[in-house]
Amino acid sequence: MKGIMGWMFLRRVCAALFLAPTPTGQRHRICSVLLVVVASVLAGWGMNAFEPGLQSVADTRSQAKLARIAVKSTNPCVRRAAVAKLANQPLLYRIALEDVDVDVRQAAAFGLVDPSLLARYLSQTRDLRFCAWVVHKLTDQTQMTRFVLELDSSDNRKERSIDNYLSCEVVERITNQLLLAKLALEAKPRLGGGLALHNLTDQGLLAKIAKYVTYTQNVEMMRIGRQAAEKLTNEVLLAEMGMWVRPEWTRKVTDQAMLARLARESVNAKVRDAALEKLTRPDLLASLAISAPDDYIRHDAMDKLMQQAWLEQEDLPVILATADTDENIRRHAMAKLTQQKWLEQVAVEATDSAIREMAVGGLTNLELLAKIAVSDKREGIRKFAVRRAADLRTAASNALNRAGKPSRSSTNGIPADVALGLDLF
């Protein structure tokens with residue numbers, strides 16, 4: 001710049017001398033011409049002296065001097081060489097957006113490593129053809145995550161397909177599970193949130209995401225939550241999620257104990273129902289029938305237990321009929337009625353009288369029926385136990401009659417061995 005100013009000054013002086021009137025005329029004009037030539041040579045030398053060249057940039061280590069050259073040099077090649085050695089991130093950001101030469105802008109963009117500035121640059125640049133090369137400079141996963149979030153939240157950001165592409169390019173290279181979870185929760189799905197979830201495999205983090213977005217009003221985030229839950233395979237986490245969230249997640253649970261826990265403890269009625277639908281273990285059904293806090297769950301569990309018991313008792317008349325011929329066979333056959341012990345438990349321990357009555361209706365243990373008929377606190381259940389014992393004996397007698405065998409004596413349709421212990425009403 002100083003060289004240019006000196007040259008202009010000398011040129012004007014020479015021009016003034018050349019045009020000025022002189023007494024000797026031609027001689028002075030010739031001197032003036034010679035003076036202009038000499039001044040031009042000197043000005044050119046000054047310009048070269050003050051304008052640094054490529055070698056000067058190559059030899060320069062001072063960041064301040066490189067910054068001046070990058071901003072003030074009139075030679076694009078020199079500016080580009082200076083920019084390539086710059087470390088000043090804000091200055092590189094400004095040059096990458098404002099320099100008139102596309103090659104200089106590109107060199108400045110390649111020098112950007114600050115994630116936030118890089119994201120701001122990519123959200124505003126008009127030089128889109130080398131954006132993908134620029135983002136591949138990011139290798140630190142924390143910086144890559146920060147870049148995606150910055151690009152997503154840039155104040156000047158416009159909806160552009162290049163932004164989606166760049167975000168996905170970066171997210172695909174992130175493997176840190178915590179950072180992927182952060183992106184899944186904080187980045188917009190189309191700008192990396194969805195892809196982050198696709199690469200996320202940590203079961204605990206997936207459960208956290210699914211639970212975190214459960215009650216959001218954002219439709220896209222709700223979809224992220226559902227996708228996270230669909231990737232869950234851990235039975236414990238599935239149960240925990242189903243306990244508080246959605247019945248469709250509960251239906252993925254196969255562990256019977258966990259299903260029983262869901263049916264008992266979930267605050268969501270649909271979740272409780274979904275858990276009970278998949279529950280088949282009779283001991284767990286009996287436990288729910290006895291003490292589940294939900295009245296509907298208690299009765300539904302008892303219904304399932306009774307269905308299992310009735311399926312076992314299809315041949316009960318024949319089993320009971322063998323009691324008149326071979327006691328060992330009878331006991332062996334009765335032992336196969338695996339549901340009986342659970343019905344007996346419900347009949348004795350349940351506090352709901354309707355459920356206890358249902359359990360009594362499925363009992364085949366005559367001794368227990370006699371005990372209930374004598375000692376139960378509720379009159380209706382005592383009477384029902386008597387009727388159940390009578391029905392069992394009648395069924396056994398009918399089976400014996402069809403087989404042409406005599407039955408043992410009975411009193412008013414009640415087996416004699418049972419009637420001895422009953423208080424007939």
Side-chain angles (χ1 to χ4, degrees), residues 256-257 259-260 263-264 276 279-324 326-397 399 410 413-425:
Q256 291 284 295
L259 287 169
R264 182 186 298 276
L276 189 59
L279 192 61
T280 57
R281 267 180 50 181
D283 59 326
L284 298 174
L285 289 170
S287 177
L288 288 174
I290 292 171
S291 60
D294 186 325
D295 181 67
Y296 290 102
I297 292 297
R298 289 199 307 273
H299 283 264
D300 288 348
M302 190 63 206
D303 285 340
K304 293 193 72 171
L305 188 62
M306 288 296 294
Q307 290 172 11
Q308 294 179 1
W310 290 124
L311 288 174
E312 279 192 339
Q313 295 177 27
E314 289 179 351
D315 298 325
L316 182 59
V318 176
I319 293 174
L320 292 175
T322 61
D324 286 12
D326 190 325
E327 182 67 16
N328 290 330
I329 295 177
R330 186 190 81 84
R331 290 186 181 279
H332 179 71
M334 292 294 289
K336 292 184 177 180
L337 297 178
T338 57
Q339 309 295 334
Q340 279 299 297
K341 63 178 180 179
W342 308 119
L343 289 178
E344 293 171 7
Q345 181 182 2
V346 175
V348 172
E349 298 179 14
T351 56
D352 189 317
S353 58
I355 287 178
R356 283 175 44 232
E357 187 171 316
M358 290 175 65
V360 169
L363 289 178
T364 59
N365 186 328
L366 296 176
E367 294 178 1
L368 181 58
L369 284 169
K371 181 179 179 181
I372 293 173
V374 171
S375 60
D376 198 274
K377 295 179 180 180
R378 295 186 65 87
E379 179 181 349
I381 292 179
R382 293 199 302 271
K383 289 182 177 181
F384 192 71
V386 171
R387 291 196 299 271
R388 174 60 178 164
D391 291 342
L392 286 172
R393 193 58 183 173
T394 299
S397 297
S410 62
I414 305 299
D417 52 346
V418 176
L420 294 175
L422 298 182
D423 179 14
L424 300 179
F425 309 102

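Reckoned from all heavy atoms, side chains included, excluding hydrogens, waters and symmetry mates.
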Original post:
With side chains defined as the heavy atoms from C-beta onward, is the minimum distance between Q345 and D283 less than 4.5 Å?
Top reply: no
Subject >> For the student: nearest non-hydrogen atoms of E349 and I290, plus distance >> reply: OE1-CD1, 3.7 Å
**OP:** Tell me, with the steps shown, if V346 and M302 meet side-chain contact (heavy atoms from CB on, under 4.5 Å).
**Re:** CA-CA 9 Å; V346 175; M302 190 63 206; 3.7 Å; yes
Subject >> Q308 side-chain N/O to T280 backbone N/O, donor-acceptor pair under 3.5 Å >> reply: yes
Original post:
Do R264 and I297 come close enough that some side-chain heavy atom pair is under 4.5 Å?
Top reply: no
Original post:
Do M358 and D303 touch side chain to side chain, with heavy atoms closer than 4.5 Å?
Top reply: yes
Subject >> Shortest non-hydrogen contact between A286 and W342, atoms and distance >> reply: CB-CB, 3.9 Å
Original post:
Does R298 come within less than 4.0 Å of D352, counting only side-chain N to carboxylate O?
Top reply: yes
Original post:
Is the backbone N or O of Q256 less than 3.5 Å from a side-chain atom of R281, with the two atoms forming a donor-acceptor pair by type?
Top reply: no
Original post:
Ion pair present between E379 and K383, side-chain N to carboxylate O less than 4.0 angstrom?
Top reply: yes
**OP:** Apply side-chain contact (heavy atoms from CB on, under 4.5 Å) to the pair R356 and R378, showing each step before the final yes or no.
**Re:** CA-CA 10 Å; R356 283 175 44 232; R378 295 186 65 87; 4.1 Å; yes
**OP:** Heavy atoms only: give me the nearest I372-A385 pair and the separation to one decimal.
**Re:** CG2-CB, 3.9 Å
**OP:** Could you tell me which non-hydrogen atom of L276 sits nearest to which non-hydrogen atom of K304, and how far apart they are?
**Re:** O-NZ, 3.0 Å
**OP:** Provide the closest heavy-atom pair for A347 versus A359 in the form atom of the first, atom of the second, distance.
**Re:** N-CB, 3.6 Å
Original post:
Is a side-chain donor or acceptor of R388 paired with a backbone partner of L363 at a separation under 3.5 angstrom?
Top reply: yes
Subject >> Test item: K371 and D376 side chains (from C-beta on) under 4.5 Å apart, heavy atoms >> reply: no
Original post:
For the residue pair A260 and L288, what are the closest heavy atoms and their distance?
Top reply: O-CD2, 3.9 Å
Original post:
Is there side-chain contact between H299 and I355, with at least one heavy-atom pair below 4.5 Å?
Top reply: yes
